[in-house]
Amino acid sequence: MGLFGSLKQTFTATSTSKNDHEKQVDQVQEEELDRDPSGSLESFDVKNENAEVTERAVVVESDDSKSASDEIILDDEEEEDDAPSYVPFREKGPIGHIVGQTKILAIINQKGGVGKSTTAVNLAAALGQAGKEVLIVDLDPQGNATSGYGIDKREINSCVYDVLLGNVPVEDVILARVTKGVDILPSTINLAGAEVELVNEMARENRLKNALGSLRGFYDYILIDCPPSLGLLTINALVASDKLLIPIQCEFYALEGVTKLLDSMNRVKSILNPGLDIYGIVMTMYDSRTNLSNQVVEEVRNFFGPVVFETLIPRTVKLSEAPSYGQPICDYAPDNKGALAYNDLAQEVIARG
């Protein structure tokens with residue numbers, strides 16, 4: 001047949017299908033004319049004139065529909081607005097119970113990644129749920145405790161850096177009611193320069209202690225989230241604290257830095273803060289399926305004795321996810337085993353007084 005023969009057949013088939021299509025169109029038009037005997041365009045105008053006004057047109061023009069649509073838009077805007085709700089410290093209102101002696105606890109470990117910020121955020125929230133008033137002091141330049149409550153650090157005008165430098169009163173920096181019963185003294189990247197700027201200042205080790213002294217009596221607990229180092233910021237936390245709460249990851253590497261931390265604590269205790277001591281040790285990232293976790297817990301309890309909390313903080317996916325949503329675990333996944341563990345830890349903290 002050849003190439004041209006095949007093209008001829010294709011063209012013939014196309015023409016045939018085109019003719020068939022035209023016949024179908026003519027047939028449809030004839031059917032429409034059968035339905036309307038006049039066969040004229042005026043018949044469509046007559047239909048439109050006699051047609052009833054649709055109910056949708058009335059709804060669009062009515063005032064009630066406008067108000068309803070406005071309410072829908074407002075609801076959508078409220079759903080999209082996920083910004084955290086907090087107020088300045090001076091506007092938080094009265095406390096619903098009598099605060100006894102304020103306990104200032106430094107959550108400290110020179111090793112990073114052991115759960116200091118996770119413990120600070122979630123323990124504070126659990127204490128708040130238990131009816132306590134808690135202040136978190138984010139003393140880490142990374143600001144993980146601040147972002148853990150969904151606070152945008154770029155929108156903060158002042159932070160703990162300004163308090164340490166003496167530029168702003170601490171009452172003007174605290175963000176109150178970031179969640180139930182919890183306030184926060186936030187941190188930004190500006191805090192990274194504090195150690196250098198404080199080197200030549202007088203009484204540089206007492207800056208945080210002096211700032212927090214005016215807050216005693218306003219809170220049941222003040223939790224200081226310390227940076228993973230033993231620099232000047234950590235020294236300020238050791239001087240300002242009554243006791244230390246030490247998170248230890250259930251791995252052997254986490255045990256190596258504890259000895260050096262205890263040496264630093266003893267030096268500060270002998271010179272700057274005679275009452276400083278260990279309040280408790282909490283085991284974090286515990287995995288009951290591994291022998292390693294059980295061995296580390298056993299060794300820590302044999303060495304430190306009853307100062308170790310009975311509650312073990314498990315390693316869970318929800319605990320890792322919660323900060324990305326700007327929520328503590330008790331708000332993000334209240335039934336998760338991590339939330340239940342921090343609730344149990346909070347009850348142990350309260351029982352210790």
Could you walk me through whether Leu215 and Thr102 pass the side chain to side chain contact (heavy atoms under 4.5 Å, CB included) test, one step at a time?
CA-CA 9 Å; Leu215 299 176; Thr102 302; over 6 Å; no
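The two residues Pro314 and Ala341 have their closest heavy-atom pair at CD-CB, 3.6 Å. Residue Pro334 comes nearest to Ala339 through the heavy atom pair O-CB, 3.6 Å, listed as atom of the first residue, atom of the second, then distance. Heavy-atom minimum distance, Ala120 versus Asp225: CB-CB, 4.1 Å.
Hydrophobic clustering keeps Val99 apart from Ile174 (ILVMFWY residues linked when any side-chain heavy atoms are closer than 4.5 Å, directly or through intermediates). Hydrophobic clustering, with ILVMFWY side chains joined whenever heavy atoms are under 4.5 angstrom apart, groups Phe303 together with Leu244.
Applying the side-chain hydrogen bond (donor to acceptor under 3.5 Å, both in side chains) definition to pairs two or more places apart or across chains, those involving residues 338-353 are Thr119-Tyr342, Thr311-Glu348. Among residue pairs with one or both ends in residues 239-279, none qualify as ring pair (Phe, Tyr, Trp, His ring centres under 6.0 Å); sequence neighbours excluded. A ring pair (Phe, Tyr, Trp, His ring centres under 6.0 Å) check over residues 164-221, counting only residues at least two apart or in different chains, returns the pairs Phe89-Phe218. Applying the side-chain hydrogen bond (donor to acceptor under 3.5 Å, both in side chains) rule to pairs touching residues 236-245 yields Arg216-Asp242, sequence neighbours excluded.
Between Val300 and Val258, the closest side-chain pair of non-hydrogen atoms is not below 4.5 Å. Side-chain contact check for Ile235 versus Leu238: some heavy-atom pair is nearer than 4.5 Å. Leu175 places none of its side-chain heavy atoms less than 4.5 Å from the side chain of Tyr149.
For Asn294, the side chain to side chain donor-acceptor pair (under 3.5 Å) test picks out Tyr286, with sequence neighbours left out. With sequence neighbours excluded, the residues forming a side-chain contact (heavy atoms from CB on, under 4.5 Å) with Glu195 are Leu232, Leu233, listed by chain and number. Partners of Asp263 by side chain to side chain donor-acceptor pair (under 3.5 Å), not counting sequence neighbours: none found. For Asp138, the side chain to side chain donor-acceptor pair (under 3.5 Å) partners are Thr146, not counting sequence neighbours. Evaluation of the salt bridge (Lys or Arg N to Asp or Glu O under 4.0 Å) rule for Asp172 yields Arg90 as partners, not counting sequence neighbours. Leu261 is linked by a side-chain contact (heavy atoms from CB on, under 4.5 Å) to Ile108, Leu230, Ile246, counting only residues two or more places apart in sequence or in another chain.
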Side-chain donor-acceptor contacts of residues 124-133 below 3.5 Å, not counting sequence neighbours, with atom names and distances?
residue, atom, partner, partner atom, Å
Glu133, OE1, Lys92, NZ, 3.3
Glu133, OE1, Arg177, NH1, 3.3

Please tabulate, for side-chain N and O atoms in residues 317-329, each donor-acceptor pair with protein atoms closer than 3.5 Å (sequence neighbours left out).
residue, atom, partner, partner atom, Å
Glu321, OE1, Tyr332, OH, 2.7
Ser324, OG, Glu321, O, 2.5

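Tested against Asp220 for a side-chain hydrogen bond (donor to acceptor under 3.5 Å, both in side chains), the candidates His97, Lys103, Gln101 yield a single pass: His97.
A salt bridge links Arg315 to Glu251: one of the charged nitrogens lies within less than 4.0 Å of a carboxylate oxygen.
With no hydrogens or angles considered, no side-chain donor-acceptor pair links Gln110 and Thr234 at under 3.5 Å.
Side-chain atoms of Lys116 come within 3.5 Å of backbone atoms of Lys111 as a donor-acceptor pair (strictly under, hydrogens ignored).
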